[in-house]
Amino acid sequence: MSHLRTAPHPPLGWNSWDCYGAAVTEEEIRGNAAYMSEHLKPYGWEYIVVDIQWYEPGAYSSLYRPFVPLEMDEYSRLIPSVNRFPSSAGGKGFAPLAEYVHSLGLKFGIHIMRGIPRQAAHAATPIKGSLSTARDIAHTNSICPWNTDMYGVDARKEGAQAYYDSLFELYAEWGVDFVKVDDIAASRLYDTHQDEIRLIRKAIDRCGRPMVLSLSPGPAPLEYADLLAENANMWRMTDDYWDQWPQLLDMFDRCANWQGVPKPGNWPDCDMLPLGHIGIRSLDGGGGDRYTRFTPDEQLTMLTLWSIFRSPLMFGGELRDNDEWTLSLLTNREVLEMHRHSFGARQVSRQDDKVVWLAEGADGIRYAALFNTGEADCEISVDLAELGLDEQTTGLELWSRQSATVQQGRLTALVPPHGTRLYQLK
């Protein structure tokens, strides 16, 4: 299937939500893109994603203003708000911004909400390529529980596919490489919107431009793994994820449930990395303008779990405010090599506060991640035979660059609370 080739490795990028909520501006997008090009592109980072409500002129935070007028073209399609994205003036849309991002050797992404604007349905505005209007295809009982911008699209109606086709035709004209579709994968409040996922897949396939398709929020149900894999490149395993230890602890269960599913073109998604300077204009996650509340050990645990599981990595902080520590987390070549090329990741054991994950690499390499989810230092020891290795094994801890301690056929490490040790073994 063609879409599987658009994400042969789990995508790496930056998304505006964790720092700017719905209120990001063009200057902020350009600034983060320039930083990524200079500091992160050599390590494989490539996507710059504009998150929700780029069509809302008065957006100011992660709080949505209900039932406000949105910027829209004559075919019921939302377009960038010129006061926030000045280069979109004159009907250019995101084409100039995408061109800038591409000029840096990067790829450009946008967030959209499932469905058709409510204001289009109420005004019965036209749909390109169809005699139907927005009112005809709107599913007015299918609404997002946390945002008032859209109605769902009724896939049974004439014009439903034409509407989505016209959307992705526009995004292809703009030069979009990545689309995050929200209010579609599942949540605690509703089931997965399967019909609209299929409409979107068909529209992308018809638009003539490869695009990575990411579905949010979660938790996406495991029983829909085949449907998700057939239609999307990424799908969220969790609701919005923030810098709080209970949420990170919970992710161990989610990764264990989805182990074996990640493969080229299909990447179950642990959500964004709330690292560095976040909350600048985003009030979600129980905090304001801040540097991540995760301790350094918790930051290493998160990046190690995401990387060995092979979740997409989407950085959430304002990149230009990164300190040396945060930059070092994103530029560890061996960890990124494991994230890009390893396979067969699985949880080997979980006993009390001790969790061990294993993955395989090329040329007989094994990766072993030892996690301490408890509140005190603890020693974690693993039999090398369990990892498919023998007593001649040597290894390196990839964050600290310390040699592995291998004795009597066991790998042993002292791991701090909420911390990790990640080994490359051979």
Side-chain angles (χ1 to χ4, degrees), residues 243 245-256 259 270 273 275 292 294-311 313 324-426:
D243 50 332
W245 171 249
Q247 292 193 37
L248 176 49
L249 182 61
D250 176 61
M251 204 61 68
F252 283 92
D253 286 333
R254 296 182 189 276
C255 289
Q259 69 184 10
C270 294
L273 299 163
L275 292 170
T292 184
F294 282 135
T295 66
D297 280 314
E298 289 167 350
Q299 293 175 54
L300 292 174
T301 288
M302 176 171 63
L303 272 165
T304 299
L305 182 60
W306 269 231
S307 296
I308 199 166
F309 176 76
R310 302 186 77 198
S311 168
L313 301 180
E324 280 186 38
W325 162 259
T326 307
L327 180 58
S328 77
L329 296 175
L330 307 181
T331 54
N332 184 308
R333 287 198 184 276
E334 288 90 352
V335 175
L336 291 168
E337 169 75 12
M338 175 188 72
H339 177 256
R340 188 171 180 85
H341 293 299
S342 66
F343 57 94
R346 60 187 175 87
Q347 181 178 284
V348 175
S349 62
R350 184 170 187 177
Q351 295 174 311
D352 301 321
D353 300 328
K354 302 173 182 181
V355 186
V356 177
W357 274 73
L358 169 71
E360 298 177 54
D363 304 320
I365 286 173
R366 295 286 189 277
Y367 297 99
L370 282 49
F371 300 98
N372 173 9
T373 62
E375 304 302 320
D377 289 351
C378 79
E379 188 176 89
I380 301 178
S381 183
V382 192
D383 191 326
L384 290 173
E386 274 191 86
L387 307 179
L389 295 163
D390 60 31
E391 296 198 17
Q392 307 308 310
T393 295
T394 59
L396 186 70
E397 205 286 317
L398 297 183
W399 295 111
S400 66
R401 317 297 302 164
Q402 304 285 312
S403 294
T405 302
V406 178
Q407 293 171 326
Q408 279 95 45
R410 298 188 74 80
L411 169 69
T412 304
L414 184 66
V415 186
H418 297 191
T420 188
R421 295 289 182 261
L422 173 61
Y423 293 99
Q424 185 185 72
L425 303 159
K426 198 171 181 183

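This structure is a prediction, so every number in the text was calculated from the model and none was measured.
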Less than 4.5 Å apart, side chain to side chain, heavy atoms only: is that true for [X] and [Y]?
X: Leu313; Y: Leu273; answer: yes
X: Ser307; Y: Tyr367; answer: no
X: Ile365; Y: Glu360; answer: no
X: Met251; Y: Trp306; answer: yes
X: Leu370; Y: Val382; answer: yes
X: Met302; Y: Asp243; answer: no

Pairs under 3.5 angstrom only: tabulate donor-acceptor contacts from the side chains of residues 343-353 to other protein residues two or more places apart or in another chain.
| from | atom 1 | to | atom 2 | distance (Å) |
| --- | --- | --- | --- | --- |
| Arg350 | NH1 | Asp253 | OD1 | 3.0 |

Output the distance between atom [atom1] ([X]) and atom [atom2] ([Y]), rounded to the nearest 0.5 Å.
X: Leu384; Y: Thr393; atom1: CG; atom2: OG1; answer: 5.0 Å
X: Leu336; Y: Asn332; atom1: CG; atom2: CG; answer: 6.5 Å
X: Leu300; Y: Ser328; atom1: CG; atom2: OG; answer: 8.0 Å
X: Thr394; Y: Leu389; atom1: OG1; atom2: CG; answer: 9.5 Å
X: Thr373; Y: Phe252; atom1: OG1; atom2: CZ; answer: 6.5 Å
X: Glu298; Y: Leu303; atom1: CD; atom2: CG; answer: 12.5 Å

Could you tell me which non-hydrogen atom of [X] sits nearest to which non-hydrogen atom of [Y], and how far apart they are?
X: Cys270; Y: Phe309; result: SG-CD2, 4.1 Å
X: Gly419; Y: Thr301; result: C-OG1, 3.2 Å
X: His339; Y: Ser311; result: NE2-O, 2.6 Å

Selection residues 406-426 - residue pairs positive for ring-ring contact (aromatic ring centres under 6.0 Å, His included), sequence neighbours left out: Trp245-His418

Can you list, pair by pair, the side-chain donor-acceptor contacts under 3.5 Å of residues 395-417, counting residues two or more places apart and other chains?
| from | atom 1 | to | atom 2 | distance (Å) |
| --- | --- | --- | --- | --- |
| Glu397 | OE1 | Trp399 | N | 3.0 |
| Glu397 | OE1 | Ser400 | N | 2.6 |
| Glu397 | OE1 | Ser400 | OG | 2.8 |
| Glu397 | OE2 | Leu422 | N | 2.8 |
| Trp399 | NE1 | Thr304 | OG1 | 2.8 |
| Ser400 | OG | Gln402 | N | 3.3 |
| Arg401 | NH1 | Glu334 | OE1 | 3.2 |
| Arg401 | NH1 | Glu334 | OE2 | 3.3 |
| Arg401 | NH2 | Glu334 | OE2 | 3.2 |
| Arg410 | NE | Ser381 | OG | 2.8 |
| Arg410 | NH2 | Ser381 | O | 3.3 |
| Thr412 | OG1 | Ser381 | OG | 3.2 |

Checking Gln259 against Trp357: is there a side-chain donor and acceptor pair closer than 3.5 Å? no

Asp250 side-chain N/O to Arg254 backbone N/O, donor-acceptor pair under 3.5 Å: no

